[in-house]
**Student:** 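Below you will find the structure I want to go over with you.
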Amino acid sequence: MTNLKINIDKLEGFVSKETINEFEAQLILHQGTLLNKTGLGNDFLGWIALPDEIDESMLSSIEQDAINIRNKADIFVVIGIGGSYLGARAVIEALQHNFSGLLNKNERKSPFVVYAGNNISEDYLSDLLDILDKYDYVLTVVSKSGTTTEPAIAFRILRRHLEKKYGKDEARKRIIAITDKSKGALKGLAHNEGYKTYVVPDDVGGRYSVLTPVGLLPVAVAGFDIRKFIEGAKAMKQLVTTAKTIDENPAFMYAAARNALYTSGKPIEIMVNYQPSLVYITEWWKQLYGESEGKLNRGIFPAGVSFTTDLHSMGQYIQEGLRVIFETVLRVEKPRRELSVPSETDDSDGLNFVAGKRIFEVNQKAELGTLLAHVDGQVPNIIISIPEVNENNLGELLYFYEFACALSGYLLEVNPFDQPGVEAYKKNMFALLGKPGFEQQTEKLLKLLE
Ligand code: PA5
C-alpha cells in the first residue's frame, strides 16, 4: 500500500481524460522497456531496483558512520553538486527543524548539515571556513565522476583546512569519499590517502542516486531513519513497476497528464509547495526533470514556487502572464506541529475572523483559493498529495518522481539518463581558465569576447 495520491480533476477543460488515457498503451510499453532495460540510456537503470537491492552491510556501515560522526562533529559538510547533493538536501530539509542551524547540538541530536561545492562563490567558501574554524566537523565529498570542478575546488580547500585544524591523521578519519568504484581523480585520492569510501554504482546517474550512499549517508548523519525512507521507495517501486493502468499507476498518471498538457501548449510546469521546508524537494525535482527531459529542443521546463511566499511575487505572472503554464501542487495533508491564531478582545488588527483557527487551516484555505484562482486564470493544476512529511512518504515521493520522469522522458522520445548539454559551459570555463587541452577553444572564445 502506498500513501501518495495524484489528482487530475483540475485539468478538466484543458485536456480531457480520454486524451490522457491515450498515453496508456505507450506507458505500458515504456514501463516494460525500463524493466527489461531495452530503451535509451539502458546502461543507467540501476536506480530502478535500488529499493529492493540495497546491501544490508552497506546500510549498517552507513548507520555506524552516522553514529560516529554524530559523536564527534557539530557540523557535517556535504561537498557535491547537482545529483550529488540535491537528493540528500531535499530529504534533510524536508524533515529537519526549520531553524535547525540555530538549535544547539543537544536539541538537534545530530550535526548540522551544510553544503559546499555546489557553487564557485569565493564569499560562500570563505564564510563557510569562518564557521568551520569554530566547530568540529566531518565531511563527505560526493562526485561520481570524481572530476567535477566545483566539488573538487571545495574539497581541496576544506581538506587543507581539516588537515591544519586536526593534523593529517585525524583529518583523514574525518573524510568520507563517495565516488566511482574505480575511476576518477577522487577515487585515486581517496585510495592514496586511505579515506573511507562508498561507491556510486556504475549504472546509477547522479540525479537518480538518492537511494545510494550519496543520499543515504547525509540523511542518516542528519538523524533520520534511512530504513523507513527505503521502505517507502520500495512500496512505490512495487506499485509503479507493476500497475498497468493510468488510474492505478500514479507515475503513469503524472507522466501522461504532464505530456498531454505539454502537447496542448503548456510547456512550463511549476512545482508548488506550501511549506518552506519543501523548497529543496522542488530543487531536486527541477534537476531530475530538467536534466532528464530538456534535450533535442524538447522538454517541459521545470520551475518552482513556494507559496504563499511567492504568491506575492510570481503569483501575479501565474495568474495573468503568458498562458503557457501548468502547476503541480505538492500537497501535505497534515503538518508536524500545531499552532493556532490567538484571539484578541479589541480585534485591533481585524484578524479575529481567523482567531482559534490552526495556521494549517489558513494555509489550506490559501491553497484552495489559489488553486481555484489559477485554474480560473487558465492554469491547469495537478495535485500530488502525501499524508505527512516523514521518511516513508518521502521515499515514496522521490521514487514516484524518478519513475514518472523516466516514463515521461520516453514519451518525449529523449534519453532521460544523459546530460550532454551540461558539457558546453564546462568546455568554455576550462578554455577560459587555460586548462591544458583546451587551447583551440580558448582562442575561439577570446575572439568572441573582443
Ligand atoms: O545528475 C547528474 O548526473 C549530474 O547532476 C551530476 O550529479 C552532477 O553533474 C555532479 O556530477 P559528479 O557526481 O560526477 O560530480
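Indexing begins at 1, ligand by ligand and atom by atom, following the structure's order. Only a predicted model underlies this, so the values are computations on that prediction, with no experimental measurement involved. Values below: all heavy atoms of this structure, side chains included; hydrogens, waters and symmetry mates excluded.
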**Student:** Starting from the C-alpha separation in whole Å, work towards a yes-or-no answer on side-chain hydrogen bond (donor to acceptor under 3.5 Å, both in side chains) for Ser292 and Tyr208.
**Tutor:** CA-CA 10 Å; Ser292 298; Tyr208 293 85; 3.2 Å; yes
**Student:** Any atoms of ligand 1 less than 4.0 Å from a non-hydrogen atom of Arg207? List them with their elements.
**Tutor:** 1 (O), 2 (C), 3 (O)
**Student:** For a quick check under 3.5 Å, do Asn428 and Gln441 share a side-chain donor-acceptor pair by atom type?
**Tutor:** yes
**Student:** Suppose I only count heavy atoms of Glu291 and a 4.0 Å limit; which atoms of ligand 1 are within that range?
**Tutor:** 1 (O), 2 (C), 4 (C), 5 (O)
**Student:** Under a 3.5 Å cutoff, is there a donor and acceptor pairing between the side chains of Ser277 and Asn98?
**Tutor:** no
**Student:** If you draw the axis of the six-membered ring of Tyr166, does the NZ or CZ of Arg174 fall within 45° of it and under 6.0 Å from the ring centre?
**Tutor:** yes
**Student:** Short list, please: which atoms of ligand 1 are under 4.0 Å from a heavy atom of Ser143?
**Tutor:** 12 (P), 13 (O), 14 (O), 15 (O)
**Student:** Below 4.0 angstrom from a heavy atom of Thr148, which ligand 1 atoms are there? Numbered from 1 as shown, please.
**Tutor:** 11 (O), 12 (P), 14 (O), 15 (O)
**Student:** Can you figure out which of Gly117, Gly206, Gly184, Ser145 has its heavy atom closest to atom 3 (O) of ligand 1?
**Tutor:** Gly206
**Student:** Given Val422, Ile81, Val204, identify the one with the heavy atom nearest to atom 8 (C) of ligand 1.
**Tutor:** Ile81
**Student:** Please identify which atoms of ligand 1 are closer than 4.0 Å to at least one heavy atom of Gln287.
**Tutor:** 1 (O), 2 (C), 4 (C), 5 (O)
**Student:** Partners of Gln316 by side-chain hydrogen bond (donor to acceptor under 3.5 Å, both in side chains), sequence neighbours excluded?
**Tutor:** Glu320
**Student:** So, is Gly83 polar-close to ligand 1, with some N/O to N/O distance under 3.5 Å?
**Tutor:** yes
**Student:** Heavy atoms only: give me the nearest Ile325-Val379 pair and the separation to one decimal.
**Tutor:** O-CG1, 3.7 Å
**Student:** If every non-hydrogen atom of Tyr115 is compared with every non-hydrogen atom of Leu128, which pair is closest and at what distance?
**Tutor:** O-CD2, 4.5 Å
**Student:** Which ligand 1 atoms are under 4.0 Å away from a heavy-atom of Gln419?
**Tutor:** 3 (O)
